[in-house]
Amino acid sequence: MANNRATKSGFAAEAQRKINSKYSEELAHESLEWIRMITGEPENTSGDMDNFYEVLKDGTLLCKLANNIHPNMIKKINTSSMAFKCMENINAFLEAARQLGVPAQETFQTVDLWERQNLNSVVICLQSLGRKAGTYGKPSIGPKEAEKNVRNFSEEQLRAGQGVISLQYGSNKGANQSGINFGNTRHM
């Protein structure tokens, strides 16, 4: 693992393996292909964790992506490789993603990418942004988002629904629970 942190052991290593097991190379590849369709970068769109991390870790490509979806979304993109400048880029992208409509639960923490803690959450965020991109006239990825389907019922229709006893609640045909036994009886 090309990481600048100490190797994890014990519970931390097990937790990291569990997080990594959710990572999908196919979705990561699809996300990088989509980014290349919009920005012209990166050259290598392989979905393996090492490439995904290397391509996105400094946040510059993510900022370019946001600015390509909606111009001038991010005013200043840091080109320095200093840690705090890269993290500023990632934070700027996350803020832009929220403004573009990505729900908070589908975004990621800066350390998820910068410290390579949860690349799966980065993929989830990119997939979510990919679904929103269509509303900004850009190519989108993933399933089409559902559209609002508001239903307006009259008072009469609402009252009619209150008198119906739904069979979905189930019926016990007048039986009670006495005498019901599961398994063996209790021996005393």
Side-chain angles (χ1 to χ4, degrees), residues 1-4 16-151:
M1 189 147 69
N3 201 342
N4 54 357
Q16 191 63 52
R17 274 192 294 277
K18 192 171 184 179
I19 289 169
N20 290 349
S21 73
K22 294 179 181 172
Y23 179 83
S24 164
E25 284 193 12
E26 295 81 39
L27 289 177
H29 170 68
E30 182 184 30
S31 300
L32 291 178
E33 281 286 332
W34 172 72
I35 291 171
R36 184 166 70 182
M37 206 183 321
I38 291 177
T39 66
E41 299 175 57
E43 216 37 55
N44 182 356
T45 60
S46 163
D48 75 86
M49 280 180 137
D50 292 332
N51 182 60
F52 187 78
Y53 172 71
E54 286 302 320
V55 166
L56 299 177
K57 71 177 179 184
D58 66 0
T60 55
L61 185 55
L62 294 173
C63 291
K64 289 177 188 172
L65 173 67
N67 282 342
N68 271 299
I69 292 173
H70 192 280
N72 297 321
M73 200 73 192
I74 298 170
K75 303 283 185 250
K76 183 176 185 275
I77 301 174
N78 298 306
T79 53
S80 167
S81 61
M82 293 173 65
F84 73 95
K85 291 293 185 185
C86 295
M87 288 192 280
E88 274 182 16
N89 285 344
I90 297 168
N91 276 331
F93 167 75
L94 289 169
E95 184 55 39
R98 281 190 283 274
Q99 289 175 17
L100 291 168
V102 175
Q105 68 271 19
E106 291 181 358
T107 60
F108 59 93
Q109 302 295 313
T110 304
V111 293
D112 290 340
L113 175 56
W114 177 247
E115 295 181 5
R116 200 176 169 159
Q117 287 186 7
N118 188 347
L119 293 180
N120 183 49
S121 63
V122 179
V123 172
I124 290 169
C125 181
L126 289 172
Q127 289 282 316
S128 182
L129 183 59
R131 289 190 301 273
K132 302 286 182 198
T135 59
Y136 296 93
K138 298 293 179 190
S140 59
I141 53 172
K144 184 177 173 287
E145 292 217 307
E147 293 167 9
K148 229 181 219 179
N149 188 359
V150 179
R151 292 165 175 87

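Bear in mind that the values here come from a model prediction, so they are computed numbers and not experimental data.
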S.K.: Is the shortest heavy-atom distance from the side chain of Leu61 to the side chain of Pro42 under 4.5 Å?
M.R.: yes
S.K.: Could you give me the CA-CA distance, side-chain angles and deciding distance for Leu119 and Leu113, then say whether side-chain contact (heavy atoms from CB on, under 4.5 Å) is met?
M.R.: CA-CA 6 Å; Leu119 293 180; Leu113 175 56; 3.9 Å; yes
S.K.: List the steps and the verdict of side-chain contact (heavy atoms from CB on, under 4.5 Å) for Phe84 and Asn78.
M.R.: CA-CA 10 Å; Phe84 73 95; Asn78 298 306; over 6 Å; no
S.K.: Between Val122 and Tyr53, is there a side-chain heavy-atom distance shorter than 4.5 Å?
M.R.: no
S.K.: Between Leu126 and Leu62, does the side-chain contact (heavy atoms from CB on, under 4.5 Å) criterion hold? Intermediate values first, please.
M.R.: CA-CA 9 Å; Leu126 289 172; Leu62 294 173; 3.9 Å; yes
S.K.: For the pair Asp50 and Arg116, evaluate side-chain contact (heavy atoms from CB on, under 4.5 Å) and give the outcome as yes or no after the intermediate values.
M.R.: CA-CA 10 Å; Asp50 292 332; Arg116 200 176 169 159; 2.6 Å; yes
S.K.: Under the criterion side chain to side chain donor-acceptor pair (under 3.5 Å), I'd like the reasoning laid out for Asn68 against Thr39: C-alpha separation, chi angles, the key distance, then a yes or no.
M.R.: CA-CA 7 Å; Asn68 271 299; Thr39 66; 5.3 Å; no
S.K.: When you check the gap from the basic side-chain N to the acidic O, do Glu106 and Lys132 get nearer than 4.0 Å?
M.R.: no
S.K.: Return the minimal non-hydrogen interatomic distance between Gly47 and Tyr23, and the atom names on each side.
M.R.: O-OH, 2.6 Å
S.K.: Leu27 and Gln127: which non-hydrogen atoms are nearest, and at how many Å?
M.R.: O-NE2, 3.3 Å
S.K.: Rounded at 0.5 Å granularity, tell me how far CD in Glu43 sits from CD in Glu41.
M.R.: 9.0 Å
S.K.: For the residue pair His70 and Leu100, what are the closest heavy atoms and their distance?
M.R.: CB-CD2, 3.7 Å
S.K.: Please report the closest heavy-atom contact between Ser140 and Gly134, naming both atoms and the distance.
M.R.: CB-N, 3.7 Å
